[in-house]
Amino acid sequence: MTKDILISRRTVIASGIALGVSGFVPLARAAAPLKVAGIHASPVENAWNSCLHKALQDAAKEGVIEYVFSEGVSGTDYPRAMREYAEQGNKLIIGEAYAVEKEARQVAADYPDTAFVLGSSGEQAGDNFGVFGTWNHDGAYLAGMLAGKMTKSNVVGSVGAIPIPEVNMLINAFAAGVKAVNPDAKHLVSFIGTFFDPPKAREAGLAQIDAGADILFGERIGTADAAKERGIKSVGSLIDYTPRYPDTVFANAMWYFRPILNAAIADVAAGKPVGRNYTSYGLMKEGGSDIVFVKGVAPADAEAAMEAKRAEIKAGTFEVPKMVDEPK
């Protein structure tokens, strides 16, 4: 396979000289930006990948890093992409190991001078293989509290990718939020078997609507299309879908990758091992996740109760349950 094929349909080098307001000041003052590569198994339009991509692009614009990336990299090519970026002198590689857990760790072991920080369902390995999970379950729980008070049919639905721990935890948190305010509500769950297939997510959403759901939680992009088509409300995940679906998506369980990225960059710049779990930087109380919602869509008492619980989460006095078993 040629390098051009491996790099996929788009590879970009992003760099910048201006320091933005969200910049990581100590690193921006370094003599040279850190060379960082991103490897995306899905297109960067995919919600999860777009969170990583935006954080990396922003850091590049601020002069903190030099950023190259590949998207749409298949599982069979993923370890090869990791090796190529390591060979090219990138000091930090950001990506995902969900489909290549064993292989990714082997690559990291072969390149001890390169730091790898990847989304993973497993644990860190050695000094140079760090992991992170996508823990925006706090926002999902809060969105569930709103949905539980809004449903008229007493049936809500969730469309997810694959039943891995991070996806399970998110959907379970949404369901728990619904049940906390509406114990009698029924929760439907569908998995589409892949991380990026909007038409398939739409079809799964339509099937849930046909089964009685009048609010959908879209863990996968495409779910809101079904909700819009049938005139019901939907909840987004990871990014803010409301501007794209202004009359459909009333709340979003947000996830911000920048705190995780900042921590990893700081460790690499300081010569510290990255063989640790960076997940906690993505928690709501750390500024790594939150809920954004359109005020006035849910009942006023539902919003007030949600905001009170949100304050408890941020204060550390309430912890949303972490349930990683496959939702039923």
Side-chain angles (χ1 to χ4, degrees), residues 47-48 51 98 119-122 131-151 154-195 201 204-205 207-208 211-224 227 233-239 241 249-255 277 279-280 282-286 288-291 293 298 302 305-306 309-310 312-314 316 318-328:
W48 186 87
C51 292
Y98 299 111
S120 173
S121 296
V131 298
F132 63 88
T134 311
W135 283 14
N136 60 326
H137 60 297
D138 291 335
Y141 181 91
L142 297 176
M145 290 182 66
L146 297 179
K149 285 294 188 179
M150 292 170 57
T151 177
N154 243 21
V155 181
V156 300
S158 294
V159 177
I162 299 169
I164 60 175
E166 287 79 7
V167 173
N168 294 343
M169 184 167 64
L170 185 63
I171 291 175
N172 285 331
F174 173 75
V178 171
K179 293 287 187 179
V181 300
N182 186 351
D184 297 326
K186 183 179 180 181
H187 179 227
L188 308 177
V189 183
S190 301
F191 293 100
I192 64 173
T194 183
F195 287 111
Q208 291 184 349
D214 63 355
I215 298 177
L216 297 182
F217 174 55
E219 193 277 327
R220 285 297 105 183
I221 187 171
T223 310
K233 297 298 183 183
S234 180
V235 174
S237 177
L238 299 174
I239 63 175
Y241 285 97
V249 177
F250 69 94
N252 300 272
M254 304 293 290
W255 183 62
N277 193 321
T279 301
S280 63
L283 290 171
M284 182 178 289
K285 63 182 180 180
E286 300 294 338
S289 60
D290 209 337
I291 182 174
F293 66 100
M306 183 277 291
K309 191 62 66 178
R310 182 188 190 191
E312 292 179 26
I313 294 171
K314 290 187 174 183
F318 177 79
E319 184 174 345
V320 174
K322 301 179 183 68
M323 298 172 286
V324 299
D325 292 338
E326 182 175 345
K328 303 298 182 181

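- Under the side-chain hydrogen bond (donor to acceptor under 3.5 Å, both in side chains) criterion, Asn182 pairs with Asn154, sequence neighbours left out.
- A 4.5 Å side-chain heavy-atom check between Asn168 and Phe191 finds at least one atom pair inside the cut-off.
- For Ser289, there are no side-chain hydrogen bond (donor to acceptor under 3.5 Å, both in side chains) partners two or more places apart in sequence or in a different chain.
- Note on ring orientation: taking the six-membered ring where Trp is involved, the planes of Phe195 and Tyr98 are tilted (angle from 30° to 60°).
- Partners of Glu312 by salt bridge (charged side-chain N to carboxylate O under 4.0 Å, His left out), not counting sequence neighbours, listed by chain and number: Lys309.
- The shortest side-chain heavy-atom distance between Leu170 and Thr134 does not fall under the 4.5 Å cut-off.
- Taking CD from Glu219 and CD1 from Ile162, the interatomic distance works out to 9.5 Å, rounded to the nearest 0.5 Å.
- Remark: Gln208 pairs with Val159, Leu188, Ser190, Ala213, Leu216 by the side chain to side chain contact (heavy atoms under 4.5 Å, CB included) rule, at least two apart or across chains.
- Looking at residues two or more places apart in sequence or on another chain, you find a ring-ring contact (aromatic ring centres under 6.0 Å, His included) between Phe132 and Phe257.
- Under the rule for a ring-ring contact (aromatic ring centres under 6.0 Å, His included), Tyr241 has no partner lying at least two apart in sequence or in another chain.
- In this structure, Ser280 has no side-chain hydrogen bond (donor to acceptor under 3.5 Å, both in side chains) partners at least two apart in sequence or on a different chain.
- Across every non-hydrogen atom of Trp255 and Gly133, the tightest pair is CZ2-O, 4.0 Å.
- Between Val156 and Phe217, every side-chain heavy-atom pair lies at or beyond the 4.5 Å cut-off.
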Output a table of donor-acceptor pairs, distance under 3.5 Å, between side-chain atoms of residues 135-150 and any protein atom two or more places apart or on a different chain; print 'none' if there are none.
{"residue": "Asn136", "atom": "ND2", "partner": "Ser237", "partner atom": "OG", "Å": "3.2"}
{"residue": "Asn136", "atom": "ND2", "partner": "Ala253", "partner atom": "O", "Å": "2.8"}
{"residue": "Asp138", "atom": "OD2", "partner": "Met284", "partner atom": "N", "Å": "3.4"}

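- The distance from atom CD1 of Ile291 to atom CG of Asn252, rounded to the nearest 0.5 Å, is 8.0 Å.
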Report, one line per pair, each donor and acceptor closer than 3.5 Å where one atom sits in a side chain of residues 320-327; sequence neighbours left out.
{"residue": "Lys322", "atom": "NZ", "partner": "Glu319", "partner atom": "OE2", "Å": "2.3"}

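- The 12-atom threshold is not exceeded at NZ of Lys186, counting heavy atoms of other residues, nucleotides or ligands nearer than 6.0 Å.
- Residues meeting the salt bridge (charged side-chain N to carboxylate O under 4.0 Å, His left out) test with Lys314, sequence neighbours left out: Asp290.
- Every side-chain hydrogen bond (donor to acceptor under 3.5 Å, both in side chains) that Ser158 has, sequence neighbours left out, goes to His187.
- Distance check, rounded to the nearest 0.5 Å: CE of Met254 to CD1 of Ile239 gives 7.5 Å.
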